[in-house]
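Inspection log for the structure reproduced underneath, given as structure tokens.
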Amino acid sequence: MKTGRKRQWTGYPWNIAAGVLVVLVTGGLLLYNHARALEGQGSGSVTQVLSVKLNYKKGDKVTVAKGVPIYSQVVESSVSPDRMDIDGYSSAQGSLQIDAVRGEWVKLKGSDYTEFWIPGWYTSKESRSLTKSIPQTFKLQSGSKLYLFPGSQATWSSGAFLKEQAFIVAATKDWYGVSIAPRVWNKESSTYRPALLWVKAQDVAQHTKVADGWFSRQLAMPTSTIRHLIDILLNSKTTSKQVAQWLGEPDWQEHSGNLNDTGYAMSIGKTWRYERADAHFLVTFNKNGRLVRTRWNIPQDDRNGVVSNWEFGGSDEYQFTTKIYGTMLPATLPWKSVWTNQGDINYTFLQAATEDVLLMKGDDGGFSGGYYEGSIYALDRHSGQKLWAINGGFGRQQAEVDAGRQYVTIYTDYDPDKKKYVDRIRHLGLKNGKVEWEYIPKQNFRLNGITAAKNVVIVDSAVVEGSSNSWLTVLDSANGKTLWKRKLTTGYELLNKSAEDPYVMYWEKDKLIAADPRSGRTVWSIAAGKSTIEHPERNPYFDGIARIDPFVPAQPERWMLLDDQWVLVDLNNGQKLAHFPARVGQQIEVLNDGMVLIRENNNGEMYGEYEDYITTLYDPKTEKKWWTQNNKIERALVEGDQLYVIKNGYPVALAYDTGETRWTAQNTIAAFQYPTNQGSYVVIEDQLLLPMGEDLLIMDKNDGTLIGRVHDVVMGNPEHRDRDAKNGTMNRLGNEVYIGSSNGRFSIYDANDLHTDISR
């Protein structure tokens, strides 16, 4: 099945309840007992040839039942049955129009104007006797043939593809329907499904029901065979009890990702994991124990095609997907959390922390019309209990923690209870959520937002609705009273980042001004024209110049874009500590030791392919360029003489002084073509932790060996939340490791336990 095409026709081919078979008919379903369906169909019975005379013509209407194999084109007998590249199986759609007739095939137009081919027999009265059976292995008599449908002129000679790749799955009179696995299940962005051909019952020497417990070591069933059986049997009516019977008990059980789309209440089910060296199989059940998702994680090799960071597949019954990884799959490691808080919004980002409280941001991860809900809330650092929460619905929300980290000022512009836009600024106790004061603007239009400086809250509001001029209103953070106001003209910029900033800072009229927070008096200023270069932080995919540690106060120096220069400014006195030219398409990243990675797009564009970038490691103190590479290098962490980075989408360790590659996970873990920042590197002794895809990976920091993935942590791709992810998804303080997720869970782990769990 091509991704994005004919998804409505990829439903699973049959539904099986215990002891009951579903019969496909034109326009309806009949039920037969399995024993009756196969009664009298031994290998010695006389075969009845079913002739099909197609009297259809273009424009005629026919009904196609659920479970009919569909094709993108007519398949000739010269094509091996395991190379038919079948698109999928039909879901019932009522009456459809014939677009063409070719021999034993008819071309139909779907209800959404898609076109596909099916063998014409599946529209005939004879097909009404077709029943589906529990999968059975079988052996054919020598010289037997396979047929496109019972009695078809098109035939195939039996071959090696039948060995461990084919099962009897259906019957009609003196014929058996045989499911034949595709030689290649996935290629590039395509998923292929098993073919359905027919053999004469008299040609079947023997047939045996497939034993249960497919993943059990005792059965030793090949993964390719299990993949085929899962394709045959699993559907939206499958229960966890049936999966346990057929597949056996899982290796791991975990909380699933959110099963609902944004805009609906979160629903977390259970995901069962079956792990082998050559494949991982994940099956997810909702709260009622019904199957809703399955996925194969497959390592890359010559058969499985290129690495993909997307999932392809799909169904109108439930979501089945396949994901191609690198050459290794991460085995699950049993690292247990000290505590876990289950939130009710997808993404959980740590904003700030005290000895007793964690300030959190919840975000549903949606955008472009899919964003419905965000929140600010607090957790008890010792137990994980929620202390208080403010839900801002789909409106804007900002949280500014005071310098003493005892209070937080929260701005929201939407009230989800009243279902209307209402600007509110509330100053709360961080530990108890008690509102100490509230500021309600007088104007009837929305604010531009808030920021903070030492002991003050800064309110940015347009002079009149739609105006690019602004009133800067500075409030005393202790009581919410106005200290001073200033009118700023068109083109102004507020430059404050947090309450740790010593002054109120803004750019206006070719001058950067630092004003005393209490009086508004100018303390220092820098003459600087407006830059002609777009600031990279206006790019929603840029993850920010410097990483903000939720546990550590910000440093009193900052890189600013002044004129067309990057300037490192001492915020206490306005002194320029370093500078270098800024260019269009350039991004800078300040490392944890103060060094700077400069990434430049050779085409001067905001976005580009990896080959469009060059990256330089720059020392602002000595104005020395240490090294330059023709690669996109980002998300760097300095440890000793080594840099851990993401290079062209995959994890790499570089020599700090030369940029030489020490190790690369390019093949093992594979590259993401367009990665978002899912979270920063964290080091625990010799282990390196990094979120990639939906897993929290653990690697050996010395050689990049993939050790595994952390149990029961579901990561995600928080698009347009790259800065929150960089700062708040994963942090370490001493032996405490704080980890967020994409399914509302936020946990604390003991770093000392990780080595013990790896050694088990």
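Hydrogens, waters and symmetry mates play no part in the numbers below; they use all other heavy atoms, side chains included. As the structure is a computational prediction, the values presented were derived from the model and not from experiment.
- Other residues, nucleotides and ligands contribute only 12 or fewer heavy atoms inside 6.0 Å of the NZ atom of Lys139.
- A donor-acceptor pair under 3.5 Å is formed between the side chain of Thr348 and the backbone N or O of Ser741.
- Listed by chain and number, the residues in a salt bridge (Lys or Arg N to Asp or Glu O under 4.0 Å) with Asp60 are Lys57 (sequence neighbours excluded).
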Next item on the list: Give the intermediate values and the outcome of side-chain contact (heavy atoms from CB on, under 4.5 Å) for residues Thr238 and Val283.
Entry: CA-CA 11 Å; Thr238 303; Val283 54; over 6 Å; no

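- Val713 places a side-chain heavy atom less than 4.5 Å from the side chain of Ile739.
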Notebook entry, point to check: side-chain contact (heavy atoms from CB on, under 4.5 Å) between Met84 and Leu197: does it pass, once the steps are laid out?
Noted result: CA-CA 11 Å; Met84 285 185 167; Leu197 297 179; 3.9 Å; yes

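- Although no hydrogens or angles enter the test, the distance criterion places no donor-acceptor pair under 3.5 Å between the side chain of Asn258 and the main chain of Met266.
- The number of heavy atoms from other shown groups lying within 6.0 Å of CZ (Phe367) is above 12.
- Counting only distance, with no hydrogens or angles, the side chain of Trp156 and the backbone of Val79 share a donor-acceptor pair below 3.5 Å.
- Asp99 and Lys107 are joined by a salt bridge, as a carboxylate oxygen and a charged side-chain nitrogen come within less than 4.0 angstrom of each other.
- Asp82 places no side-chain N or O within donor-acceptor distance of the main-chain N or O of Ile180, the cut-off being under 3.5 Å.
- Note on Arg709 versus Glu254: salt bridge recorded, some NZ/NE/NH1/NH2 to OD/OE distance being below 4.0 Å.
- The backbone N or O of Thr155 sits less than 3.5 Å from a side-chain atom of Ser77, completing a donor-acceptor pair.
- The closest side-chain heavy-atom distance from Ser742 to Glu694 is not below 4.5 Å.
- Asn286 meets the side chain to side chain contact (heavy atoms under 4.5 Å, CB included) test with Leu259, Asn288, Arg290, Val292; sequence neighbours excluded.
- Aromatic ring orientation, Trp198 versus Trp121: perpendicular (interplanar angle above 60°, classes split at 30° and 60°).
- A distance-only check finds a donor-acceptor pair linking the side chain of Gln678 to the backbone of Gly693 [under 3.5 Å].
- Aromatic ring orientation, Phe285 versus Trp272: perpendicular (interplanar angle above 60°, classes split at 30° and 60°).
- Side-chain N or O atoms of Gln342 include one that pairs as donor or acceptor with a backbone N or O of Asn743 at under 3.5 Å.
- Taking the six-membered ring where tryptophan is involved, the planes of Trp105 and Trp117 are perpendicular, since the angle between them exceeds 60° and thus also 30°.
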Next item on the list: Start with the C-alpha distance between Ile70 and Leu108, add both sets of side-chain angles, then the distance that settles side-chain contact (heavy atoms from CB on, under 4.5 Å), and finish with yes or no.
Entry: CA-CA 10 Å; Ile70 62 174; Leu108 302 175; over 6 Å; no

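- Looking at heavy atoms from C-beta onward, Val106 lies in side-chain contact with Ile118 at the 4.5 angstrom threshold.
- A distance-only check finds a donor-acceptor pair linking the side chain of Asn260 to the backbone of Ala265 [under 3.5 Å].
- Judged by distance alone, the side chain of Thr332 and the main-chain N or O of His711 form no donor-acceptor pair under 3.5 Å.
- Checked against a 6.0 Å centroid threshold, the rings of Tyr176 and His207 count as neighbours.
- For Trp214 and Tyr274, the ring centers sit 6.0 Å or farther from each other.
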Notebook entry, point to check: Is there a side-chain contact (heavy atoms from CB on, under 4.5 Å) between Trp296 and Thr223 once you walk through the steps?
Noted result: CA-CA 11 Å; Trp296 283 100; Thr223 298; 3.8 Å; yes

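- In this structure, Ser80 and Arg183 have side chains that are in contact, with non-hydrogen atoms separated by less than 4.5 Å.
- Residues satisfying the salt bridge (Lys or Arg N to Asp or Glu O under 4.0 Å) criterion with Asp364, sequence neighbours excluded, are absent altogether.
- Thr262 contributes a side-chain N or O that, together with a main-chain N or O of Gly370, makes up a donor-acceptor pair within less than 3.5 Å.
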